[in-house]
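Below, chain A is the first sequence line, B the second, and so on; all start at residue 1.
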Amino acid sequence: MNKLVLIDGNSIAFRAFYALPLLTNQSGTYTNAAYGFTMMLMKVLEEEKPTHMLVAFDIGKTTFRHKEYKEYKGKRDKTPGELSEQLPLIRDLLDAFGIQHYGLEGYEADDIIGTLACQADGEEVPVTIVSGDKDLLQLVTERVSVLMTRKGVTDTQRYDIQAISDRYGLKPKQIIDLKGLMGDSSDNIPGIPGVGEKTALKLLHQFGSVEGVLAHVDELPGKKLKERVAEHAEQARMSKVLATISCEVPLDFSLDDLKFEDFDPVNVVPLFKRLEFKTLLKRIQKDETPAIETVEAKKLTFATVNRENTKEWEGIFERAHLALYAEMTVPNYHRAEVPGIALSGEGIHLYIPLETALEWKAFKKWLADSAKQKTAYDVKGTHVALKRQGLESEGFTFDVLLASYLINPSESEHELSDIVGRKLDDSLPSDETVYGKGAKRRQLEGEELARHLTRKTEALFRLQPVLEKELQEAELASLFYDLELPVAKILAEMEWVGVKVDKEGLRKLEKELTAKLEELTTKIYGLAGTEFNINSPKQLAEILFDKLGLPVLKKTKTGYSTSADVLEKLAPRHEIVEEILHYRQVGKLISTYVEGLLKERFEEDGKIHTRFNQAITATGRLSSTDPNLQNIPIRLEEGRRIRKVFVPSEKNWWILSADYSQIELRVLAHLSGDESLIEAFKSNMDIHTKTAMDVFGVQKEDVTSQMRRHAKAVNFGIVYGISDYGLSQSLNISRKEAGEFIQRYFESYPGVKQYMDEIVRKARKDGYVTTMLRRRRYLPDIHSSNYNRRSFAERTAMNTPIQGTAADIIKKAMVEMSRALHKENLSARLLLQVHDELIFEAPEEELGILSDRVRRVMEEAIQLDVPLKVDVDSGRTWYEAK
DNA sequence: AGGGTCACG
DNA sequence: ACGTACGTGACCCTC
């Protein structure tokens with residue numbers, strides 16, 4: 001049975017555009033209208049199952065209606081550029097779906113739809129019209145219905161004869177009369193002034209049509225109305241003509257030409273990927289997965305290597321380049337089992353169960369051979385996990401995870417299946433799909449595991465050239481090969497070595513802090529006059545604001561804020577507040593640091609083995625998890641004591657820490673070329689004092705500690721992409737004062753101001769910003785019409801080159817330091833990196849040379865127009881090393 | 001699972 | 001009139 005669907009293209013595109021926020025893909029193309037349109041399209045295909053389809057568009061400016069009334073559509077606002085540039089995109093999408101689209105000079109989409117609806121009706125083919133325009137209701141018949149958008153994009157209501165009657169009490173054709181009387185401001189159709197929908201409907205219910213109303217002017221209720229109708233009779237007749245949809249557009253095609261057979265995902269997927277329609281992509285790929293999977297599974301022939309047949313497969317190790325994947329049972333590779341390993345080369349896919357791998361000499365030789373090139377996903381994790389199984393691995397020359405990260409560090413999904421979905425015209429089931437999650441998680445074995453793993457290595461093998469090319473094109477190849485890959489190997493070693501912690505020291509701290517917490521708890525209950533959960537912001541707010549009547553200074557989404565900055569302001573008003581602040585402090589130390597560290601400590605070696613995530617931050621920094629060793633307390637003495645439990649792992653060894661002084665401001669001085677700032681660093685001045693002198697116009701001797709504190713906050717603000725509001729918050733001053741500070745700063749350092757303006761301009765032009773080593777971050781929101789999003793992107797444009805360059809520099813220092821340790825034959829080891837600081841452990845006799853080398857390497861890691869300065873200190877624990 | 005809070009650079 | 005300082009991760013509570 002045939003079914004024709006006619007879509008009012010402009011109407012749906014408009015609706016989608018205004019219903020959705022102004023989305024863009026990474027390359028800055030606006031996609032919201034195209035996205036909404038596609039959602040609607042897919043819904044219609046699913047629900048209507050059309051055999052014939054057409055999307056009609058308005059093209060050109062004038063239609064036959066303008067002859068009748070030259071003001072037609074006269075008052076309509078211009079289509080925004082962000083929408084009109086998406087119309088070609090929508091046509092591309094329709095082409096990909098294999099759906100006809102059409103526009104005709106001199107006619108509106110309505111008329112094309114009307115003509116085809118009439119034809120189809122004549123041929124007894126049922127028709128669904130999709131639009132947001134009520135005009136089209138006039139086309140409804142026994143066989144023609146209209147799907148009208150309601151709110152959002154895909155929420156629709158079907159209008160047939162009955163529905164129109166229910167809603168308006170009219171027959172479909174009377175919709176024309178309705179508009180003749182009430183007009184339509186969006187099309188600039190006048191109708192009768194003062195007659196809206198209510199009056200118009202009342203009149204039509206009584207007299208049936210515009211002509212009927214005009215013939216009975218005398219019988220109309222109310223003097224005013226009579227006058228108006230009489231006066232505008234001609235205008236009403238004309239309005240009716242304008243509102244009438246033509247069914248006689250000369251079309252050079254017939255219904256048969258509009259045949260639609262189900263779309264082919266092969267054509268649609270690449271376009272969805274380009275436009276980053278992730279949800280829709282998943283939807284069509286889900287529908288398609290079974291088909292693709294069987295094809296893939298058939299195509300991919302793999303072999304399982306076992307003790308008996310190893311000889312048959314050893315030829316594979318002759319190959320110059322293979323992909324390797326070591327499967328793990330849990331994400332923490334320090335604790336994971338490796339059930340098996342897969343290898344892929346052109347036309348060959350092997351699965352090696354762990355037991356076989358451990359005994360297979362040729363495999364182990366190949367694995368440890370640095371001349372044998374290997375592509376992996378996460379070489380750091382792979383290396384560590386294998387090492388835990390007693391397998392040495394070398395020669396990782398490509399990391400799919402790191403490549404994907406460098407290509408777009410803002411992307412949050414770098415799981416292999418996501419990368420395959422983005423970069424290949426293919427799909428791979430995610431680990432969650434294969435293994436399940438939570439309680440439903442299961443382990444695979446045998447054939448199933450082998451298939452899943454070889455699919456992964458096969459994908460890795462194909463991904464490598466694709467990613468390699470993208471790296472080249474974005475000028476990221478050197479960053480990848482010369483910096484990130486070497487850093488991955490260094491981090492693997494750091495994680496493998498781990499940091500020794502003093503368990504007894506932690507236990508003592510735990511006892512002491514717990515006693516303190518109990519004391520505070522009792523005191524707080526006493527002051528509150530009741531017991532409650534101090535850890536619950538909700539219960540705490542009740543006590544503070546309801547029971548004790550303290551003023552509410554700030555709200556959160558869900559209630560009253562009890563954050564530290566609020567409590568500090570409330571402290572003078574009630575004794576309890578200070579105790580709560582202290583309680584929070586101690587509570588944090590116990591749960592996150594004392595208990596947290598004890599939980600992560602490995603019994604075997606008494607060490608903590610964190611994992612540095614090298615593919616997470618948008619700026620190029622590292623992060624650290626399980627536990628996070630980059631946020632161990634230092635600012636307050638009570639917390640700083642935690643550092644006493646971080647000790648050297650060998651007798652008579654020391655902890656040595658080397659940190660960059662003011663690296664971000666020095667980078668800013670270099671990037672901006674500001675003479676005054678450069679001079680300040682060249683003469684080794686205290687930069688915050690210098691800023692205070694300039695901003696407050698005083699001599700060095702007259703800088704008060706308050707001035708220096710304010711200047712320091714301004715400097716932070718500059719690095720973060722300053723705003724007066726942000727600065728006012730951090731200093732607890734008025735926005736006006738903050739604004740004045742900023743203005744005076746920019747007057748003192750005009751080069752910085754110029755640089756900030758320039759970097760934002762560049763971000764707008766290119767769509768991204770870069771660091772000194774060409775690390776790239778895209779900023780699609782730089783074009784957003786939303787003030788907040790745009791402002792955020794602008795601040796990011798200012799901050800990322802600074803933070804990111806500092807990250808580049810310390811990574812470079814790590815690579816060179818690792819070479820230096822090797823060359824000097826030192827047994828000192830790098831343990832941790834904390835953004836601008838490197839922490840080592842070393843035997844006492846190496847402290848002199850190590851301190852010397854570290855300072856040199858770090859200070860000379862990159863040549864800037866200002867010197868880099870490094871402070872080095874050592875001690876028996878991390879606490880004492882600084 | 002998400003929000004609030006807080007630890008670091 | 002709006003509502004932000006940049007970059008992270010872990011814990012607790014609440015639903």
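Taking atom C1' in both C:dC2 and B:dT5, the straight-line distance is 25 Å, to the nearest Å. With P as the reference atom, C:dA5 and B:dC6 are 15 Å apart, rounded to whole Å.
Side-chain N/O atoms of A:Arg635 and base N/O atoms of B:dG9 include a donor-acceptor pair closer than 3.5 Å. At a cut-off of 3.5 angstrom, counting only N and O atoms as typed in the model, there is no donor on one side facing an acceptor on the other between the side-chain of A:Tyr720 and the base of C:dG7. One can find a donor-acceptor pair under 3.5 Å joining the base of C:dG3 and the side-chain atoms of A:Arg735. For a distance-only test at 3.5 Å, the side chain of A:Ser730 qualifies as a donor-acceptor partner of the base of C:dA5.
Spacing between atom CD1 of A:Ile802 and atom P of B:dG9 amounts to 19 Å, rounded to whole angstrom units. Nucleotide B:dA7 holds its P atom 11 Å from the NE2 atom of A:His582, rounded to whole Å. Regarding A:Gln585, its CD atom lies at a distance of 17 Å from the P atom of C:dC12, rounded to whole Å. One can place NZ of A:Lys554 at 10 Å from P of B:dG4, the figure rounded to the nearest angstrom. Straight-line distance from the CD atom of A:Glu600 to the P atom of C:dG9: 14 Å, rounded to whole Å. Spacing between atom CD of A:Glu542 and atom C1' of C:dC13 amounts to 14 Å, rounded to whole angstrom units. Distance, A:Asn533 CG to C:dC15 P: 13 Å, rounded to whole Å. In this structure, A:Ile663 places its CD1 atom 16 Å from C1' of C:dC6, rounding to the nearest Å.
Between A:Phe545 and A:Tyr560, the angle of the ring planes goes over 60°, which puts this pair in the perpendicular group of the 30/60° scheme. Using cut-offs of 30° and 60° for the angle between ring planes, the A:His609 and A:His334 rings count as tilted.
Nearest-nucleotide positions on DNA chain C place A:Ser791 closer to the 5' end than the other of A:Ser791 and A:His835. Between A:Pro537 and A:Pro409, the one whose closest nucleotide on DNA chain C sits nearer the 5' end is A:Pro409.
A:Ile687 approaches A:Leu665 most closely through the heavy-atom pair CG2-CD1, 3.9 Å. Among all heavy-atom pairs drawn from A:Leu597 and A:Ile608, the shortest one is CD2-CD1, 3.5 Å.
Atom CD of A:Glu758 has more than 12 heavy atoms from other residues, nucleotides or ligands within 6.0 Å.
Counting any heavy atom pair closer than 4.0 Å across all strands shown, A:Arg777 reaches sugar-phosphate atoms only and no base atom. No contact: A:Val719 has no heavy atom under 4.0 Å from any strand. Residue-level contact check: A:Ser723 touches the bases, meaning some heavy atom is under 4.0 Å from a base atom. Among the atoms of the strands shown, base atoms are found under 4.0 Å from some heavy atom of A:Gln803. At the heavy-atom level, A:Gly717 lies under 4.0 Å from base atoms of the strands shown. Within 4.0 Å (heavy atoms only), A:Ala713 reaches at least one base atom of the nucleic acid. Residue A:Ile634 is classed as a sugar-phosphate contact, given heavy-atom separations below 4.0 Å to backbone atoms only. At the heavy-atom level, A:Gln539 lies under 4.0 Å from the strands shown only through sugar-phosphate atoms.
In the set B:dA7, C:dG3, C:dC6, the nucleotide with an atom closest to the side chain of A:Asn788 is C:dG3. Comparing C:dG9, C:dG7, B:dG3 by their nearest atom to the side chain of A:Lys557 picks out B:dG3. Each of C:dG7, C:dG3, B:dA7 was ranked by its minimum atom distance to the side chain of A:Tyr787; first place goes to C:dG3. With C:dT4, B:dG9, C:dC13 as the choices, the nucleotide that has an atom nearest any side-chain atom of A:Arg795 turns out to be C:dT4.
Using modelled atom types and a 3.5 Å distance limit, the side chains of A:Tyr725 and A:Arg735 yield no donor-acceptor pair. At a cut-off of 3.5 Å, with distance as the only test, a side-chain donor of A:Asp565 or A:Ser563 sits close to an acceptor on the other residue. Counting only N and O atoms by type, the side chains of A:Gln614 and A:Glu484 include a donor and acceptor under 3.5 Å apart. When only modelled atom types and interatomic distance are considered, A:Arg795 and A:Thr800 share no side-chain donor-acceptor pair under 3.5 Å.
In this structure a side-chain-to-backbone donor-acceptor pair under 3.5 Å is present from A:Asp808 to A:Leu773. The main-chain N or O of A:Gly751 is found under 3.5 Å from a side-chain atom of A:Asp674 such that the two form a donor-acceptor pair.
Remark: ring of A:Phe792 does not overlap the six-membered base ring of C:dT4 in a stacked fashion, as centroids less than 5.5 Å apart with planes less than 30° apart are not both met.
The side chain of A:Thr556 places an N or O atom within less than 4.0 Å of a non-bridging phosphate oxygen (OP1 or OP2) of B:dG4. The shortest distance between the side-chain N/O atoms of A:Asn799 and the OP1/OP2 oxygens of C:dG7 is not below 4.0 Å. OP1 or OP2 of C:dC12 has not a single side-chain nitrogen or oxygen of A:Lys588 nearer than 4.0 Å.
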For this session: Evaluate salt bridge (Lys or Arg N to Asp or Glu O under 4.0 Å) for A:Asp873 paired with A:Lys882, printing each intermediate quantity in order.
Result: CA-CA 5 Å; A:Asp873 199 2; A:Lys882 212 165 63 167; over 6 Å; no
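Contacts of residues 607-632 of chain A with DNA chain C (heavy atom under 4.0 Å): A:Ile616, A:Thr617, A:Ala618, A:Thr619, A:Arg621, A:Ser623, A:Ser624, A:Thr625, A:Asp626, A:Asn628. Residues from residues 560-576 of chain A lying near DNA chain C, meaning a heavy-atom separation below 4.0 Å, are absent.
Base pairing annotation: C:dC2 forms no Watson-Crick or G-U wobble pair, as no partner gives both donor-acceptor distances under 3.5 Å.
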